[in-house]
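Model, not experiment: these values are computed from the prediction. We count ligands from 1, going down the list as the structure has it; atoms in each ligand are counted the same way.
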Amino acid sequence: MRDSPDVTVLRLGHRPGRDERITTHVGLTARALGADRVVLAGAASSRADTVVDITDRFGGPFDVATTDEPKRRIRDFSGTVVHLTMYGESIQDVEGDIRTDHETEPLLVVVGAEKVPFEVYERADYNVGVTNQPHSEIASLAVFLDRLFEGAELDREWDDPDQVVVPMETGKKVVDPEDVEDV
Ligand code: SAM
């Protein structure tokens, strides 16, 4: 988030047809839960416009980038690389060390789709499991970011939204940002 070094989420792999919504949701989750940027690799790039559109409507800053060389991006990343995988060390055992690293260094968080190449496990500074059970890149990313920011991302404010959701006990209210003070 704004006062700490950048957090980039890299979506590695994407099966056209099967992974469309999942890749979109990786991008939206990265944005909503405090990352600064999502990088969509290869075929995942097709989902960039949707994430950009949500950022335009609901606010930023949030950057959407694409790459055809994700492995090089991971290899050459200048900072701490975290790879989320069910085979990794338990998040509750390493989250403190990752937070300490992130006080001074940018973070690259890698999530996969299908089998992740072993060189990613080797390059990663941390291979992190959110439970060691199989589930999803969206769930693991959400839990990871919330642990990283210790909940502070929930109070984040957004720049230049076209529309703002007003929290309600029941019903749906979406207003022009200029009207937020009046609600
Ligand atoms: N065998 C894969 C793995 O290494 O976790 C499961 C593939 S899963 C369909 C797709 C992605 O979800 C993985 O690449 C990983 O980023 C994430 N994922 C699934 N379960 C996870 C867990 N328990 N902890 C962290 N990440 C997980």
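With 3.5 Å as the limit, one finds a donor-acceptor pair spanning the side chains of Tyr126 and Asp101.
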Run the side chain to side chain contact (heavy atoms under 4.5 Å, CB included) check on Val116 and His83 step by step: do they pass?
CA-CA 10 Å; Val116 171; His83 168 222; 3.7 Å; yes
Residue pair Phe62, Ile54: steps toward the side chain to side chain contact (heavy atoms under 4.5 Å, CB included) verdict
CA-CA 10 Å; Phe62 184 72; Ile54 293 290; over 6 Å; no
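No N or O atom of Val116 sits closer than 3.5 Å to an N or O atom of ligand 1. Between His83 and ligand 1, not a single N/O pair is under 3.5 Å apart. Geometrically, ligand 1 and Glu114 share no nitrogen or oxygen pair separated by less than 3.5 Å. Looking at ligand 1, you won't find any N or O of Gly129 less than 3.5 Å from one of its N or O atoms. Below 3.5 Å of separation, one finds no N or O of Val110 facing any N or O of ligand 1.
Judged by distance alone, with hydrogens and angles left aside, the side-chain atoms of Asn127 form no donor-acceptor pair with the main-chain N or O of Val82 at under 3.5 Å. Of the possible polar contacts, one joining the Asp36 side chain to the Val7 backbone as a donor-acceptor pair under 3.5 Å is found. At least one donor-acceptor pair under 3.5 Å links the side chain of Arg123 to the backbone N or O of Phe77. With hydrogens and angles ignored, the 3.5 Å screen pairs no side-chain donor or acceptor of Ser45 with any backbone N or O of Ala41. Of the possible polar contacts, one joining the Asp125 side chain to the Val81 backbone as a donor-acceptor pair under 3.5 Å is found.
Nearest protein neighbour of atom 13 (C) of ligand 1, counting heavy atoms only, is Gly112 N, 4.0 Å. If you check which protein heavy atom lies closest to atom 24 (N) of ligand 1, you get Val130 N, 2.9 Å. With respect to atom 12 (O) of ligand 1, the closest heavy atom belonging to the protein is Glu137 N, 3.1 Å. Closest to atom 20 (N) of ligand 1, if we only count protein heavy atoms, is His135 N, 3.2 Å. Among all non-hydrogen protein atoms, the one lying nearest atom 6 (C) of ligand 1 is Met86 SD, 4.4 Å. Looking at atom 16 (O) of ligand 1, its nearest protein heavy atom turns out to be Leu84 O, 2.6 Å. The protein atom (non-hydrogen) at minimum distance from atom 7 (C) of ligand 1 is Ala113 O, 3.9 Å. Among protein heavy atoms, atom 27 (C) of ligand 1 sits closest to Ser140 OG, 3.6 Å.
Near Tyr121, the atoms of ligand 1 lying under 4.0 angstrom from a non-hydrogen atom of the residue are 4 (O). Set against the non-hydrogen atoms of Val111, the atoms of ligand 1 under 4.0 Å away are 16 (O).
Look at Arg21 and Asp19 and you find no salt bridge, because none of the NZ, NE, NH1 or NH2 atoms lies under 4.0 Å from a carboxylate O. Salt bridge status for Arg99 with Glu95: present, with a side-chain N to carboxylate O gap under 4.0 Å.
Atom 23 (N) of ligand 1 has its nearest heavy-atom neighbour, among Gln133, Lys115, Arg11, in Gln133. The heavy atom nearest to atom 3 (C) of ligand 1, out of those in Thr85, Asn127, Asn132, is found in Thr85.
Using the six-membered ring where Trp is involved, Tyr121 and Tyr87 have ring planes that are tilted, between 30° and 60° apart.
Within the 4.0 Å heavy-atom shell around ligand 1 one finds Val128.
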